[in-house]
Structure formats: structure tokens, C-alpha cells
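Here's the structure, in C-alpha cells; my notes come after.
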Amino acid sequence: MAATSPRLKASTEKSKPSVFWPLAAVIAPLISLLFKLDIEGAENLPREGAYVLAPNHYSESDPLAVALAVWKAGRAPRFMAKESLFRVPVLGWILRITGMVPVARSSSAASARQTLETSETLVELGRGVIVYPEGTLTRDPGMWPMRGKTGAVRLALAGDIPLVPMAQWGCQAVLPRYGKLKLWPLRRPVRVVIGPPVDLSTFRAAESQPAGLVAATDVLMADIAQLLSTIREEPAPAERWNPAEHGQKETGRLEP
């Protein structure tokens, strides 16, 4: 069993009063009833300033574990969310006051503009955002990370923001992929490993080129797979699963 990271000083955004305080007071204990987190590598999450956190995605419940891990690691968890959700009464208000980030629109010009604007906002406000690079639940039969979308890399490159890989495993015991919720027993173990930021220096010159973005995303997905491999104690597949090659639709995407 890996050693849990030492307790680190919380960031300013967590230590100062905010809407996250009452939310965490209510929600964090509830999530802790479902998951008993073992967090390794919390020191790799920047204490201050912007970051893009990229976790694997294999269960509809794993965003709860990711959010709690980020909060325990000392930062406020903010996710990418579908732009349409911001127009839903009450829900949209909650998303806005907590600083959640609307996903870029589908058209390429609007997407590029919104990515730049989002990146600038993260830097200006010193906030982080959680982006699932797969965009939806993995289709890999073994639940390894599949081929990634370029959104997380584009966001990081646009603002020279640290891109931090994360792997987590165990949420499927509570909610299997496309399965039914299993509440008992409580406090199922979930291991979380946060890796050091991905080195994107070789891709900055080609950040607007599709081939460069794809190559950088492949590096990110390989890092996530390697972190997951240490948790599962088995080798990750050498190649990422590509749903298109297996006649699978990638529904539920949160990024282009």
C-alpha cells in the first residue's frame, strides 16, 4: 500500500471563506461515507495559481472522489461543465457561483476563442479546473484510459498552465460503469495518485497544430495510464483504446 502524501498547507482559495466552505461541510462527509480515499502525490497539485487537472474516467461516481481528493489536497475543485447546464435555473446559478468552467463550443473558431478566454481567466483568478481528457467514460474493456481529446492540453498550452495528471481507482465498487449503485458496505477504498505536471515544452511551438496537440495528448494519456498502472499493480496497455476503431460512439463528451 502506497504511503499517503504528507498534509500540506491549504491554498489561499481554500483557507479564505467562500461558497465552498458550506458546500464542503455538507457534501464532503457524504462522499466520505461512500469512499475512503488514500491520496498520494498531493504535493504535485500547485498550492497557488492556475492548473489543469486531468484524471481518468471509468465510473459515473468518480467525479465525487476526484472533487474530494482535490479538496483534501488543499484546492477548490472546479470542473468543466457543459455550457447548456449554465442556463438551467438554480443549477446554472450554482455552477456560476462556484466558478465552474463552461466547455468550449463545437465550432472551431468559437472553441479556440473560448479556450483562450478560459485560460486567461484561470490565470487571472489563480484557479484550477478539472478536465476529463477522455471526455466521457472510457470504453476500454479493462477500464484503462482510452484515447484522449485535446481539450486539456489546449487549455494548458493557451495559458502556460501546469497540466497535472491524476489516476484514481475503486469507484467502480460503488457504481460500476453503466451499472447500478451499490451503497453497502460503506467507505469503499479508493486510491488516488497525482503525478507531476506533464512537460509540454516541446509542444509549445506547435500548440495550434492538430498533430502537435494530439501528440501532447498522447503523452498526457500515457502518464495517466502509468499512474493507474501503479495503483492496479499491472501493466497498462501499450496503446490507448480507440472507440472509433471498434464501432463505438463516444456519447456524453464534454469537450470537442
Side-chain angles (χ1 to χ4, degrees), residues 3-32 35 37-55 62-81 85-86 91-104 114-133 151-168 190 192-201 220 223-224 227 254:
T4 302
S5 296
R7 182 178 294 276
L8 301 173
K9 181 180 178 181
S11 66
T12 303
E13 68 174 357
K14 183 178 176 182
S15 59
K16 287 185 176 180
S18 72
V19 68
F20 281 98
W21 279 20
L23 288 175
V26 174
I27 297 174
L30 295 177
I31 299 176
S32 296
F35 306 125
L37 297 189
D38 175 18
I39 305 171
E40 181 181 350
E43 68 277 4
N44 290 317
L45 196 65
R47 294 298 90 199
E48 303 290 343
Y51 65 87
V52 177
L53 181 66
D62 66 53
L64 298 176
V66 170
L68 183 59
V70 171
W71 183 254
K72 285 181 173 290
R75 296 300 300 262
R78 295 180 173 91
F79 287 87
M80 278 280 195
L85 296 178
F86 287 77
L91 175 60
W93 175 76
I94 293 174
L95 293 175
R96 285 190 291 272
I97 66 170
T98 54
M100 301 299 168
V101 180
V103 70
Q114 191 173 19
T115 296
L116 180 59
E117 292 173 353
T118 298
S119 189
E120 291 174 345
T121 299
L122 292 175
V123 172
E124 179 183 355
L125 298 178
R127 292 177 175 176
V129 66
I130 302 163
V131 181
Y132 281 105
V153 166
R154 287 191 286 112
L155 191 58
L157 285 173
D160 195 16
I161 299 172
L163 177 60
V164 183
M166 170 195 274
Q168 35 83 33
V190 173
V192 178
V193 180
I194 303 172
V198 179
D199 184 2
L200 296 176
S201 58
L220 168 63
D223 283 0
I224 297 172
L227 294 175
L254 291 182

**Item:** Contact check, side chains of Tyr51 and Pro197, non-hydrogen atoms, under 4.5 Å
**Value:** no
**Asked** Do Pro162 and Val198 have side-chain heavy atoms sitting under 4.5 Å apart?
**Response** no
**Fill in**
Note: Leu45 and Ile194 closest approach over all heavy atoms is N-CG2, 4.4 Å
**Prompt:** Can we say Glu13 and Arg127 salt-bridge, meaning some charged N sits less than 4.0 Å from an Asp/Glu carboxylate O?
**Reply:** no
**Asked** Which pair of heavy atoms, one from Leu68 and one from Ile31, lies closest together, and at what distance?
**Response** CD2-CG2, 3.7 Å
**Message:** Can you tell me how far apart CG (Leu122) and CG (Leu155) are? Round to the nearest 0.5 Å.
**Reply:** 5.5 Å
**Request:** May I ask you to test the Phe79-Val129 pair for a side-chain heavy-atom distance under 4.5 Å?
**Result:** no
**Message:** For a quick test of reading the model, state the closest non-hydrogen atom pair linking Val52 to Ile161 and the distance between them.
**Reply:** N-CG2, 3.7 Å
**Message:** Looking at every heavy atom in both Ile39 and Ala42, which two are closest together, and how far apart are they?
**Reply:** CG2-CB, 4.3 Å
**Prompt:** Are Asp62 and Tyr132 close enough that a side-chain donor and a side-chain acceptor fall under 3.5 Å?
**Reply:** yes
**Item:** Sub-4.5 Å side-chain heavy-atom contact between Val131 and Leu53
**Value:** no
**Asked** Taking it one step at a time, do Ile130 and Met80 satisfy side-chain contact (heavy atoms from CB on, under 4.5 Å)?
**Response** CA-CA 6 Å; Ile130 302 163; Met80 278 280 195; over 6 Å; no
**Message:** Is it the case that the side chain of Arg78 and the backbone of Thr98 share a donor-acceptor pair, with hydrogens and angles ignored and the cut-off at 3.5 Å?
**Reply:** yes
**Any Asp38 side-chain heavy atom under 4.5 Å of Val192 side chain** = no
**Asked** When rounded to the nearest 0.5 angstrom, what is the spacing between CG in Asp223 and CE in Met166?
**Response** 14.0 Å
**Prompt:** What are the two closest non-hydrogen atoms of Pro133 and Ile224, and how far apart are they?
**Reply:** CG-CD1, 3.9 Å
**Message:** Return the NZ to CZ distance between Lys14 and Arg47, rounded to the nearest 0.5 Å.
**Reply:** 9.0 Å
**Complete:** Separation between CG (Leu163) and CZ (Arg154), nearest 0.5 Å, reads 12.5 Å
**Asked** After noting the C-alpha distance and the side-chain angles of Trp93 and Phe86, does the key distance pass the side-chain contact (heavy atoms from CB on, under 4.5 Å) rule?
**Response** CA-CA 7 Å; Trp93 175 76; Phe86 287 77; over 6 Å; no
**Request:** Return the minimal non-hydrogen interatomic distance between Pro165 and Leu220, and the atom names on each side.
**Result:** CB-CD1, 4.2 Å
**Asked** If you measure from CD on Glu120 to CG on Leu125, what distance do you get to the nearest 0.5 Å?
**Response** 11.5 Å
**Complete:** dist Ser32:OG -> Ile27:CD1 (nearest 0.5 Å) comes out at 11.5 Å
